Amino acid sequence: KIIETLSIKKNTIYFIAAILLLVLIPAYYFHSSTLIYMSGIRWLIPFILIAFLFDHINEELLQKIGTILFYLFILHFVMQLIQFFFSYGYYGQNSFGLSKRNTGIFYIPSTAAVFALMTLFFSKYYMKKKLEKKIFFLIPVSILLTASGTGVGVYIIFFVIYYLKNHYL
């Protein structure tokens with residue numbers, strides 16, 4: 001459906017041209033190996049996708065993404081619990097002999113915390129209310145299981161902003 005209606009607008013062309021001029025050309029100049037340069041280009045794919053899909057993002061799509069995030073988060077949380085109780089503690093063990101940092105479906109604990117925070121954002125703004133209620137208390141537990149200080153800090157900042165926005169702004 002999206003491919004059939006895909007059209008290139010003038011702003012999209014400007015966006016891609018800006019990426020090419022500001023990022024790719026200077027990067028090519030400073031690299032000694034073309035192979036390393038070409039392998040580094042893959043990080044641009046999400047930005048190019050954003051440029052092409054920007055007109056197709058609407059409330060319905062965001063709710064679908066929220067639903068997918070809900071089920072991914074449940075899988076992630078179950079994996080964290082399994083790691084907490086049955087893992088050997090790849091990132092160390094706490095004083096009770098349980099795993100200290102539990103990554104769930106991710107490799108790095110901070111990435112798991114960012115995923116939980118992204119799920120929190122979608123749950124507050126785009127997820128159906130019945131799904132939001134089911135994971136509202138699981139998200140902070142997930143962040144605590146990752147033992148990510150940045151995750152805890154961003155979680156607190158998010159709720160301060162959310163509370164101020166809903167009560168005073």
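Source: prediction; values computed, not measured. Computation of the quantities below employed the complete heavy-atom set of this structure, encompassing side-chain atoms and omitting hydrogens, waters and symmetry-equivalent molecules. Positions are given from 1 along the sequence.
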> Using atom types as modelled and distance alone, determine if a side-chain donor or acceptor of Gln63 lies under 3.5 Å from a backbone N or O of Met127.
no
> If we only count heavy atoms from C-beta on, is the Ile139 to Phe77 side-chain gap below 4.5 Å?
no
> Say whether Ser99 and Gln93, considering side chains only, have a donor N or O and an acceptor N or O under 3.5 Å apart.
no
> Among pairs that include at least one residue of residues 89-116, which meet ring-ring contact (aromatic ring centres under 6.0 Å, His included), considering only residues two or more places apart or in two chains?
His76-Phe106, His76-Phe115, Phe106-Phe115
> Is the ring centre of Phe122 less than 6.0 Å from the ring centre of Tyr126?
yes
> Taking salt bridge (Lys or Arg N to Asp or Glu O under 4.0 Å) as the definition, give me every residue that meets it alongside Lys124, ordered by chain and number, with sequence neighbours left out.
Glu132
> In Å and rounded to the nearest 0.5 Å, what is the NZ to CZ distance from Lys130 to Phe70?
9.0 Å
> With side chain to side chain contact (heavy atoms under 4.5 Å, CB included) as the test, would you mind laying out the steps for Leu131 and Ser123 before giving the verdict?
CA-CA 8 Å; Leu131 295 179; Ser123 73; over 6 Å; no
> For the CG atom of Leu117 and the CD1 atom of Ile157, what is their distance to the nearest 0.5 Å?
10.0 Å
> To the nearest 0.5 angstrom, please state how far the OG atom of Ser148 sits from the OH atom of Tyr155.
14.0 Å
> Treating Ile, Leu, Val, Met, Phe, Trp and Tyr as nodes and any side-chain heavy-atom pair under 4.5 angstrom as an edge, say whether Leu164 and Ile161 lie in one connected cluster.
no
> Is the closest side-chain heavy-atom distance between Asn58 and Leu62 below 4.5 Å?
no
> According to a hydrophobic-cluster definition based on side-chain heavy atoms being under 4.5 Å apart (Ile, Leu, Val, Met, Phe, Trp, Tyr only), do Phe137 and Val152 belong together?
yes
> Are Phe84 and Asn94 packed together at the side-chain level, in the sense that at least one heavy-atom pair is separated by less than 4.5 angstrom?
yes
> Using the side-chain hydrogen bond (donor to acceptor under 3.5 Å, both in side chains) criterion, which residues pair with Glu59? Sequence neighbours excluded.
none
> Might you point out which heavy atoms bring Lys100 and Ala147 nearest each other, and give the distance in Å?
O-CB, 3.9 Å
> Any donor-acceptor pair under 3.5 Å linking the side chain of Arg101 with the backbone of Thr146?
yes
> Would you check if Pro140 and Ile143 make a side-chain contact, meaning some heavy-atom pair closer than 4.5 Å?
no
> Where does the angle between the aromatic ring planes of Tyr162 and Phe158 fall among parallel (under 30°), tilted (30 to 60°) and perpendicular (over 60°)?
parallel
> Is Val141 linked to Val114 within one hydrophobic cluster, defined over Ile, Leu, Val, Met, Phe, Trp and Tyr using a side-chain heavy-atom separation of less than 4.5 Å?
no
> Given Thr119, which of Ile74, Leu72, Ile135 fulfils the side-chain contact (heavy atoms from CB on, under 4.5 Å) condition?
Ile135
> Are Leu75 and Ile108 linked, directly or through other ILVMFWY residues, by side chains that come within less than 4.5 angstrom of each other?
no
> Exactly one of Leu138, Asn102, Thr103 should register a side-chain contact (heavy atoms from CB on, under 4.5 Å) with Leu145. Which one does?
Asn102
> Atom CG of Leu69 and atom CZ of Phe121: how far apart are they, to the nearest 0.5 Å?
11.0 Å
> State yes or no: do Tyr71 and Ile82 share one hydrophobic cluster built from I, L, V, M, F, W and Y residues joined by side-chain heavy-atom distances below 4.5 Å, directly or via other members?
yes
